[in-house]
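The block underneath contains the structure these notes are about, expressed in structure tokens.
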Amino acid sequence: RSATDKSSEGAGASATPKRGGTLTLASGLDYTPSLLFAQSAMTHVQRLVFNTLTRYDDKLQPQPELATSWQLAADGKAVTFKLREDVLFHNGRKFTADDVIFAVKNLQNPVRSAQLRSTALAVTNFEKKGDFELTLTLAHPVSNLFDLFEFMIITDEATVEDAVNGKQLIGTGPFTLAGRNPGSSLSFKRNEKYWLPGRPYLDAVEIRVIPQADSLLSSLKTGQSQLSYDVLGKDVAALKGDSQYRVKEYATGAGAYYLGVNLSAPQVQDKRVRQALAWALDRDRLVKQALGGVGFPSSTPWPKSSPVYSEAGAAHYTHNPDKARALLKEAGVDTLTLPLAHANTPGGTAIAQILQYDLKQVGITVELQPTDSATMQKQLISQTMPALWTLSHGFAQLHPATLTVSAYPFNEAKNSSKFSSPEYTRIVQEAWNRADGDSAEAKALYQKISDTLLDEAFVIDLAVAGRTEVATGKVAGADLNKYAYLILDDAYLTA
Amino acid sequence: MALLLTRRRRPGLLSARGLTGLALVGAVALAGLFAPLLTSYDPVAQSDLALAGPGADHLLGTDDIGRDLFSRVLYGIRTDLLISFTAVPVGALLGCAFALLAATSRWADMSVQRLFDLILAFPGLILALAVTAILGPGALPVVIVIALAEIPGFGRQLRAGILVQREREYALAARVGGASRLRVLVRHVLPNAVDPLIVQGAVAMSVAVFIEGAMSFLGVGVRPPEPSLGSILSQSMAYLSTHPAFAIAPLTAVTALVLGFALIAEALNKGIRR
Amino acid sequence: MRSYLLKRLPSAALVLLLASFVIFAILRLIPGDPATSLAGPDAGPEAVAAIRARLGLDQPFLTQYAGWLGDLLTGDLGPSYAIGGEVSELIGNGLGATVELTLAALLLVVVLGLAIGLVGATTRRPWVAGALRALTTAVLAVPPFVTGIALVLVFAVTLGLLPPGGHESVLDAPDLAVQYLLLPALCLALPSAAILGRYVKDGLERTLAEDYVRTATALGVPRKRIIRRHALPNALPPVVTVLGMQIGQLLGGAVLVEAIFAWPGLGQLAEQGVVRRDYPVVQDLLLLMVGVFVLVQLLTDLVYAWLDPRIRWE
Amino acid sequence: MSSTTVAPAPADRGTRSVLEVRDLRVAFGEQEAVSGVSFSLAAGDTLGVVGESGCGKSTTALALLRMLPSPGRVTGGSVLLDGADLAALPEEALRAVRGKRIAMIFQDPMSSLNPVLTVEQHLHEALLAHGRTDKAARRARALELLDLVGIPDPAARLRDHPHQFSGGQRQRIMIALALANEPEVLIADEPTTALDATIQRQILQLLDRINRETGTAILLITHDMGVIAQSCRRLLVMHDGEVVEQGRTAEILTDPQHPYTKRLLAAVPRLEEPSRAAGRPDGTPLLEVTGLRKTFPGSGRFGRRRPVTALGGVDLVLHPGETLGIVGESGSGKSTLARALVGVHTADAGTIRYLGPGDPARRIQMVFQDPYSSLNPRMTVGQIIAEPLIAHRLGDRAARAARVADLLTRVGLDPATADRHPRSFSGGQRQRIGIARALAPEPSVLVCDEPVSALDVSVQAQVVDLLAELQRELGLAVVFIAHDLAVVRQVSHRIAVMHRGLVVETGDADQLVTDPQHEYTRTLLAAAPRLTVVRST
Ligand SMILES: Nc1ncnc2c1ncn2[C@@H]1O[C@H](COP(=O)(O)OP(=O)(O)OP(=O)(O)O)[C@@H](O)[C@H]1O
Ligand SMILES: Nc1ncnc2c1ncn2[C@@H]1O[C@H](COP(=O)(O)OP(=O)(O)OP(=O)(O)O)[C@@H](O)[C@H]1O
Ligand SMILES: [Mg+2]
Ligand SMILES: [Mg+2]
């Protein structure tokens with residue numbers, strides 16, 4: 001036998017789905033059980049093993065999953081779900097309204113550190129009508145309610161602790177966890193009793209953890225794996241031409257690269273200085289050189305799918321050193337030296353160096369601080385970042401309010417930048433506390449938020465690049481939800 | 001007694017091997033030394049022209065964020081030599097200090113050896129990660145890690161040498177002549193025991209270049225954007241399949257250095273083994 | 001022999017104890033803490049605090065240290081922080097793969113090393129010796145991560161002969177396992193093999209100049225046999241010591257190599273552990289590595305004695 | 001003995017020449033080491049080769065079988081073995097000759113045996129090399145050989161390793177190896193130099209017996225006239241790579257022709273000659289040693305060795321201006337005693353009382369055996385001699401320089417050489433430097449541990465004379481340690497004989513030699529090589 005033979009070639013997915021086969025997915029990161037309920041970088045497991053109540057379509061309209069239908073109260077202070085009645089957990093238990101109640105309460109628990117906790121906390125009361133109808137009462141209307149239900153996986157209460165301790169995963173999802181080898185692999189078997197008839201097509205799913213970017217690429221190239229969402233931009237660019245691979249971009253995941261500014265540093269408390277930073281950066285070059293041309297330069301966090309996205313907003317800040325210098329002069333700053341923390345990965349370092357160089361051109365000296373992810377995270381959470389840092393953030397792909405109440409850099413109440421202004425708080429709350437998430441005035445408020453972000457520039461967005469799916473020709477039907485949960489219900493291998 | 005039999009020509013540095021080594025190291029070192037004269041490019045200046053192949057205006061092409069590779073490699077050589085030439089002596093001195101300490105008493109000897117064991121037993125890369133995490137990034141942790149790593153090598157060498165030389169009759173003679181233990185150790189034994197350290201030194205230099213590379217690969221090397229051979233090399237690894245030229249320049253420099261030092265070491269070794 | 005062991009064991013234990021403290025201390029000195037990486041990117045401080053309490057990270061340093069030693073003595077390694085699962089399981093899983101890798105590498109080191117040394121020391125053709133020296137030094141000159149990635153590109157991507165990475169258990173599928181093993185083992189082994197080869201060569205050259213070799217020659221023993229029967233056995237003892245050191249090197253090098261070849265071994269685990277500040281995993285792992293190293297040192301001394309009758313009989 | 005024996009018919013013994021060397025030349029690189037040596041060795045004959053160190057003896061021997069260490073090579077001449085020129089033979093053919101027809105034994109029996117092979121394995125190697133494939137036969141032959149060379153209870157020792165045998169036994173094993181294939185010629189390069197007189201005697205007797213019983217012709221290389229006189233019919237004197245004289249041993253010893261030979265013979269100390277030590281010093285002793293004991297804790301890497309009692313209660317007195325000779329076999333405790341006297345070994349029990357003026361640490365100095373390792377190669381001669389002065393804070397820089405110059409002249413060296421390093425001096429000169437160093441702090445007792453053992457006879461004589469002269473001029477008391485009785489008698493007033501860490505007999509030098517009391521002294525005397533020819537044709 002040979003470990004290298006690719007069982008079949010052939011590009012282009014054939015039309016008719018086919019049962020059977022094992023799909024091997026290459027992941028750059030390992031799964032962290034303790035982060036099961038938090039939005040983290042590795043989100044392949046959630047939607048394989050579990051389900052959510054609803055699922056967004058491309059226009060952010062919720063579609064049925066475990067919930068067959070729902071009714072939002074006129075004042076937006078309550079929502080009533082009708083649930084599927086034919087759903088079994090992997091351990092054979094029937095899925096009922098109680099599981100939904102637990103799921104919400106679970107997210108309210110601070111230890112789960114779920115980003116949408118704020119939204120979950122808005123749920124104040126539960127009302128069952130039988131096992132399959134449930135009404136949630138809300139403290140106030142929330143515009144991003146269904147962001148929560150897109151996010152919230154339905155878990156088995158009895159085994160939830162095992163889940164976060166990495167012992168077992170019991171859900172209702174299309175696949176059951178068959179085995180885990182930390183640092184190297186996860187394997188899943190088909191859930192024979194899945195509620196969606198005839199699904200999933202695949203017999204099994206194998207996730208290989210391959211930290212080394214180029215090793216990961218080789219595994220795709222040699223057919224060792226058929227699917228990955230962690231191929232580096234530069235390599236994606238190289239693969240785009242190749243008919244052997246299908247490349248698909250999602251407006252999801254940790255979608256935007258940004259330059260964070262910590263206002264506790266005196267030099268950057270002047271808004272004009274921050275705006276100067278924003279003007280000084282050459283986003284086009286950054287996308288071209290550091291992101292390998294994947295994604296698009298933008299000074300707003302929003303992906304194109306977002307209701308607030310606008311060409312104007314994206315192009316608000318362009319590469320304009322003179323303007324930057326002018327603003328600095330205006331702010332009375334002639335020489336400025338700032339530390340910049342960045343991930344000590346090749347990618348992170350590349351971005352940081354580009355930022356450093358561009359800022360140097362407008363007379364701002366930047367001292368790079370390569371930092372390993374653990375330390376970076378601590379600083380982000382404990383608001384102890386240096387004056388500047390660069391990372392990427394998610395949550396812009398959803399209802400704009402979510403970003404501002406859930407994502408740490410933007411959180412109106414408490415953010416890594418230590419930024420706060422009554423105005424910002426007001427519009428955020430206003431945008432959030434309303435039932436009509438998609439109404440015109442809602443959109444107007446979102447626009448305000450967007451403008452405020454641009455104006456205050458405490459988070460300076462650089463580029464928006466969602467997850468990129470790279471699949472070899474033989475894989476079809478793989479999908480991600482808005483939180484980049486991997487969905488393989490309809491995935492199959494073409495013979 | 002055919003003691004004369006042992007009289008042999010000392011090849012030493014001037015052997016063909018030694019000269020080749022010197023030439024290699026010398027060439028690389030000079031290139032680094034005269035970097036400003038050899039290239040007009042600023043090693044950290046970026047441009048839109050990324051990953052350009054070797055050509056007229058960029059001798060070796062440019063890296064992924066449009067910096068001139070030739071000048072980066074030249075300045076990288078500087079960094080590496082600077083690191084090596086500080087770290088190795090430090091490690092050597094510490095190692096020797098411990099070896100001397102060990103020579104003072106049984107107990108000291110025992111504890112020093114255990115210390116060496118400890119250092120040797122400790123996985124180097126983990127140590128590198130830790131030290132950098134503690135001190136923050138930069139050349140300093142690299143120097144420290146290298147120095148630490150070199151201590152046992154030098155220490156054990158010298159200790160062995162001392163043990164041998166101590167038994168020589170001239171050491172005894174010094175004692176009879178009335179010299180104190182310390183004087184015997186420092187004035188008589190030590191000078192005769194240091195020879196092999198020169199070899200060790202040359203070896204250590206190549207090891208140093210190596211460690212620098214490995215640390216950069218783990219993202220705990222010198223602070224960007226300062227170029228170092230290791231950082232350029234690890235940077236280039238991501239492009240090995242698409243732009244192999246990127247890796248060749250730093251690789252050649254590293255190889256030349258390590259090869260050179262190794263050759264020098266061998267030559268010295270042959271010279272010393274009279 | 002036994003008395004020798006008795007003499008060495010305490011000091012070995014001492015090294016372990018020292019190591020345990022150093023490891024423990026260094027880990028705590030590293031900024032960033034397991035609670036935060038556990039809590040996730042956007043967790044609130046209260047979440048972090050809760051986790052800290054749960055993990056007992058709020059207790060004083062020495063208490064934690066004592067606690068750890070206690071657990072070690074009772075043999076209960078407890079659960080990991082971030083990676084998930086029992087530490088003993090995690091290490092158990094990784095151990096197999098790493099042992100496979102290091103043993104394979106060790107085998108290569110010994111075979112290649114002896115070959116290089118023998119040929120280098122005994123060949124009558126100067127150019128062969130020269131070529132060998134150049135080769136070995138070159139191998140030493142190219143960092144393993146370069147060799148590794150280059151090997152993958154050539155043998156996996158371009159030629160498609162061998163898998164670029166991954167792992168099959170020898171027990172389940174020996175034939176595949178070997179294919180997976182080959183590249184990482186080679187990448188890991190090359191530098192050590194070169195070093196060993198050099199020592200074998202030097203040792204042989206030294207022993208070939210000994211009086212007893214002259215005696216054998218005077219007795220008309222054929223050169224080949226002199227090398228095999230008279231010179232080599234005397235050249236080996238120091239080589240064994242070097243080999244012992246190299247085993248340490250191999251264990252350390254595994255971190256890099258395993259990353260490149262996606263090899264599910266302890267190296268990976270260690271790196272994961274450090275990155276995620278999973279104290280229990282890293283602590284126990286490092287201590288294990290140190291332990292192995294110390295053990296290997298002991299063994300090499302014993303082998304040394306076994307190879308050298310003069311010591312054996314004393 | 002098996003059929004392949006080449007025991008020649010008594011008829012042609014001494015007439016038919018097995019080995020014919022013609023104008024042999026050897027060079028190491030440019031430097032020529034052997035320039036035109038010619039001699040012939042008759043079947044069953046014994047030929048001795050003498051000459052000072054470095055005159056080309058070993059080189060000649062090695063050249064015969066083309067076993068020269070690089071860069072050495074035969075540059076001319078021929079080596080005819082029964083008419084066939086070995087110098088022209090291809091390597092493989094030559095190998096067939098080595099050990100089969102011409103065998104060699106070397107100086108140091110320890111380093112010449114492979115530490116990791118058992119005696120049996122050694123012998124098997126020798127036999128296998130020349131096609132003795134039958135294992136049983138080899139074993140039998142091995143036993144036979146060990147028995148022949150006089151290893152007691154061979155069967156039991158077969159599995160032992162070299163280091164488990166005494167020096168003498170090791171040399172016997174070497175001989176057994178050499179004889180394994182019944183060679184016609186046996187070349188012995190200083191086979192006894194590393195051994196005690198008593199052992200030396202046994203080995204020489206063994207060789208003699210071999211020669212008689214198996215008719216193996218023997219080429220015996222040595223720098224010791226006495227050895228030759230005892231065991232060789234014919235003699236060949238080498239000097240600077242050339243043969244200066246050869247002929248029947250008896251004739252050359254009785255009336256040497258060549259001046260060099262004359263000098264050589266003159267220099268050889270003879271046991272018969274009475275002590276030259278002047279005066280009969282006595283009165284109040286200068287040094288009193290009583291019940292001196294020293295035990296070394298045996299220490300091995302693996303476990304402990306049994307401790308060694310180097311000194312088991314030694315009593316001595318030394319008078320001013322007296323030379324006390326100390327003789328004894330290797331390991332008898334001579335050096336340990338010496339070191340105890342100068343205080344580098346602290347005795348376990350007993351006392352050393354220095355009754356003279358001044359601080360004993362300064363007044364008792366020592367001259368060492370090995371002129372090479374006893375001088376720090378990194379220091380200039382001046383520094384070396386000045387060391388004790390510095391240590392004892394004697395005089396300032398200038399004064400020290402003057403003293404060094406003075407001392408150098410005293411020991412017969414040019415003061416101008418003070419800034420040269422030891423390596424640029426000959427053995428004899430180095431020993432003079434060592435003496436100068438010892439004299440620096442104006443000692444009243446000089447302990448000399450085998451000061452001349454490492455030197456050629458001619459040089460030996462000079463150094464001995466120097467010591468005697470210094471003693472007379474400075475009124476030194478000297479402890480003169482050596483294993484060569486003749487030298488000791490020559491220089492000493494009194495002689496103490498050491499055996500197994502004890503002084504078994506002390507007495508007037510001449511008396512002790514002429515009329516020994518103790519059993520051991522007698523064996524020692526009996527073993528001492530004499531220049532009187534013991535064997536004639
Ligand atoms: N390996 C060598 N390289 C260079 N010169 C050598 C070597 N071996 C011997 N010689 C030279 O050859 C000459 C003869 O040396 P040789 O050992 O034959 O003398 P020897 O008579 O055996 O002395 P000894 O009595 O000390 O054994 C010496 O002058 C020495 O300088
Ligand atoms: N430093 C030491 N450690 C252990 N044993 C020693 C030491 N020095 C001498 N001995 C032992 O003490 C005994 C006497 O040694 P010593 O050197 O005094 O004998 P010696 O008469 O000088 O022999 P030689 O004539 O060979 O010089 C020997 O058995 C030797 O092995
Ligand atoms: Mg000789
Ligand atoms: Mg002695």
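Chain naming here is simple, since letters A, B, ... match the order of the sequence lines and numbering starts at 1 in each.
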Measuring heavy-atom distances to chain C, does D:Leu113 have an atom under 4.5 Å in its side chain, in its backbone, in both, or in neither? backbone
Student check: side-chain heavy atoms of C:Leu288 and C:Leu266 closer than 4.5 Å: yes
The interface call for D:Ile187 against chain C, heavy-atom contacts under 4.5 Å, is neither
Sort C:Arg229 into side chain, backbone, both or neither according to what part of it lies under 4.5 angstrom from a heavy atom of chain D. both
Tell me, for D:Ala180 versus chain C, whether the close heavy atoms (under 4.5 Å) come from the side chain, the backbone, both or neither. neither
Can you check whether D:Leu123 reaches D:Leu145 side chain to side chain, under 4.5 Å on heavy atoms? yes
Pairing donors with acceptors under 3.5 angstrom, does anything connect the side chains of D:Asn211 and D:Thr46? no
Toward chain C, the part of D:Leu128 with a non-hydrogen atom under 4.5 Å: side chain
For C:Glu210 and C:Thr207, which I'm curious about, is there any donor-acceptor pair between the side chains at under 3.5 Å? no
Where C:Phe24 and C:Tyr65 come nearest, the two heavy atoms and their spacing: CZ-N, 3.3 Å
Contacting region of D:Glu91 [heavy-atom separation from chain C under 4.5 Å]: neither
Distance-minimising heavy-atom pair for C:Pro238 and C:Tyr304: N-CE1, 4.0 Å
For chain C, which candidate among D:Ala96, D:Ala103, D:Ala129 shows the most heavy-atom pairs at distances under 4.5 Å? D:Ala129
